[in-house]
Protein chains: 2
Amino acid sequence: MTENERKRRVRRLPREVRERQITDAAVEVFSRHGFHNASMDEVAEVAGVSKPMVYAYLGSKEELFAACIQREAQRLLQAIAEGVRGDVEPDMQLWTGLRSFFHFVGQNRSSWTVLHRQALSVGGEFAEEISQMRARSIELVAALVVASGTRKGVGAQAEKSGEALAAALVGAAESLADWWLDHPDISDDVLASWLMNLVWLGFGDLVEGEAWSPKDLTPPA
Amino acid sequence: MTENERKRRVRRLPREVRERQITDAAVEVFSRHGFHNASMDEVAEVAGVSKPMVYAYLGSKEELFAACIQREAQRLLQAIAEGVRGDVEPDMQLWTGLRSFFHFVGQNRSSWTVLHRQALSVGGEFAEEISQMRARSIELVAALVVASGTRKGVGAQAEKSGEALAAALVGAAESLADWWLDHPDISDDVLASWLMNLVWLGFGDLVEGEAWSPKDLTPPA
DNA sequence: CCGCCAATCTACTCGCGAGTAGGTTAGTCT
DNA sequence: AGACTAACCTACTCGCGAGTAGATTGGCGG
């Protein structure tokens, strides 16, 4: 067994490649057990290297975790940035953003788990970084909301309510992504359209049979 | 210092009281550091007893955490159950539920932090319990949504979409509660009404100046 | 006023996992 | 071929914190 693995395993790979492998393994392991319950030994095992390699290349456990967070956050934000259309109506911007988000989560469950569930609970540096990422998303969404026009009916605190609503929306998306993990037999597009209907029209319209649907984009993304 | 504390401290209290004190301390400590970073020594110190007492009364660290989760979950659910009106229109039910929820969170930040942020990240038993509590909430909300009428426009998966929308709503409320922790200068009622407007009317109506507002309940709860 | 037990403490053990010291190959360049 | 270095491993140390053994003290029934 150990013999076989040793023979099968490609050896003496360049540092660059090993770092990738190790980070991949770390995301996997952290997503499964969380930061604290994950052991460096397991990361090393999953990566197919021995523990000192992990330390040599990625540093301490915290540094490794930070590397995971940063890489995955980067990937998520970029995926959304690439998917969103800046040159269309606010509702379509929201729609494209949501779609990209759910698509990414669908393709990268581990990444999402690490970013959403684990990073916050570790506290300190990481929570900070994650909070900032969330804050940026919320800002963007808030801008969308505000750009849609002045909200009447929410009192004088229009700016704050915009931010709060954005926070609520982002949270709804996150929560829906979590719910999705238990109901994988639904496509990302369907999920996105449900949420889109909820936040754009609200239950009030939904129960009256209204529905929002995307206009065709000139070049289908 | 130690002398003073020793003299000031009320000693030889009945078990019942000590258990309460310890559990209170544990909620506090777990909410500050999370399950793993919290030490039993600190719990004991905050509770004003020594470590063996904690073990004698509440068992292992995991059992202690479980006790916290269960007690706080119970309190939260009961607070909501007491606040919600079962004999009114769906929108008013939702409104009263949201209000109770935010009110509880406002009065019990530590409880909320433990339940929301920490419990999920520990995994195993606890995540299970928390998930079940969330699931129950989601079910209730889903029932509300479905009771409001048949949703057209969301395709054939009406039942599933109801559950998903409920998950999204619960997530939105949770997220908004978190956001609130950073913006405490807002009342629970205002917060609840913002969310109510969002999910009931949606952005689409909000930007057009529509607003939802609660009808007066016959006896003001 | 005395013994008895529950309440409580001090002062340990012990395992687990982060982090490391130092040796061992395998490519590579001349 | 031979040596030089980067890749890589085995096999440790060591601190931290969960959990415990056993002594101690205060209050209550007799």
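Just the heavy atoms: all of them, side chains too, but no hydrogens, waters or symmetry mates, feed the values below. A note on names: the letters A, B, ... follow the listed sequences, proteins ahead of strands, and every chain is numbered from 1. All values reported here derive from a predicted model rather than from experimental measurement.
Counting heavy-atom neighbours within 6.0 Å of Arg20(A) CZ, excluding the residue itself, gives a total of 12 or less.
Legend: residues meeting side-chain contact (heavy atoms from CB on, under 4.5 Å) with Leu58(A), ordered by chain and number and at least two apart, are Glu19(A), Ile22(A), Thr23(A), Leu64(A), Ala67(A). Partners of Tyr57(A) according to the ring pair (Phe, Tyr, Trp, His ring centres under 6.0 Å) rule, which considers only residues two or more places apart in sequence or in another chain, do not exist here. Listed by chain and residue number, nothing satisfies the ring pair (Phe, Tyr, Trp, His ring centres under 6.0 Å) test with His33(B) (two or more places apart in sequence, or in another chain). Remark: Gln78(A) engages Gln74(A), Glu82(A) in a side-chain contact (heavy atoms from CB on, under 4.5 Å) (not counting sequence neighbours). Not counting sequence neighbours, the partners of Phe30(B) by the ring pair (Phe, Tyr, Trp, His ring centres under 6.0 Å) test are Phe35(B), Phe65(B). By the ring pair (Phe, Tyr, Trp, His ring centres under 6.0 Å) test, His103(B) is found to be paired with no residue, residues two or more places apart in sequence or in another chain being considered.
Judged by closest nucleotide on DNA chain C, Asn37(A) is the one of Asn37(A) and Pro52(A) placed further toward the 5' end.
Near DNA chain D, meaning a heavy atom under 4.0 Å from it, residues 53-71 of chain B has Tyr55(B), Ser60(B), Lys61(B) in order of number.
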Side-chain donor-acceptor distances from residues 170-181 of chain A under 3.5 Å, at least two apart:
from, atom 1, to, atom 2, distance (Å)
Glu174(A), OE1, Arg134(A), NE, 3.4
Glu174(A), OE1, Arg134(A), NH2, 3.0
Glu174(A), OE2, Arg134(A), NE, 2.9
Ser175(A), OG, Arg134(B), NH2, 3.1
Ser175(A), OG, Ala167(B), O, 2.9
Asp178(A), OD1, Trp112(A), NE1, 3.2
Asp178(A), OD2, His116(A), NE2, 3.4
Trp179(A), NE1, Glu163(B), OE2, 3.2
Trp180(A), NE1, Ile186(A), O, 3.0

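If you measure from atom CD1 of Ile22(B) to atom P of dG19(D), you get 15 Å, rounded to the nearest angstrom. One atom, CG of Asp41(A), and another, P of dT10(D), lie 12 Å apart when rounded to the nearest Å. Arg12(A) places its CZ atom 6 Å from the P atom of dA26(C), with the value rounded to the nearest Å. The separation between Leu13(B) atom CG and dC28(D) atom P is 12 Å, rounded to whole Å.
Arg18(A) has no side-chain polar atom (N or O) that falls below the 4.0 Å cut-off from OP1 or OP2 of dA6(D).
At a threshold of 4.0 angstrom between heavy atoms, the contacts of Ala38(A) are confined to the sugar-phosphate backbone, with no base atom among them.
Each end of the helix from dC1(C)-dG30(D) to dT30(C)-dA1(D) yields a helix axis from five base pairs, and these two axes differ in direction by 0° (to the nearest 10 degrees).
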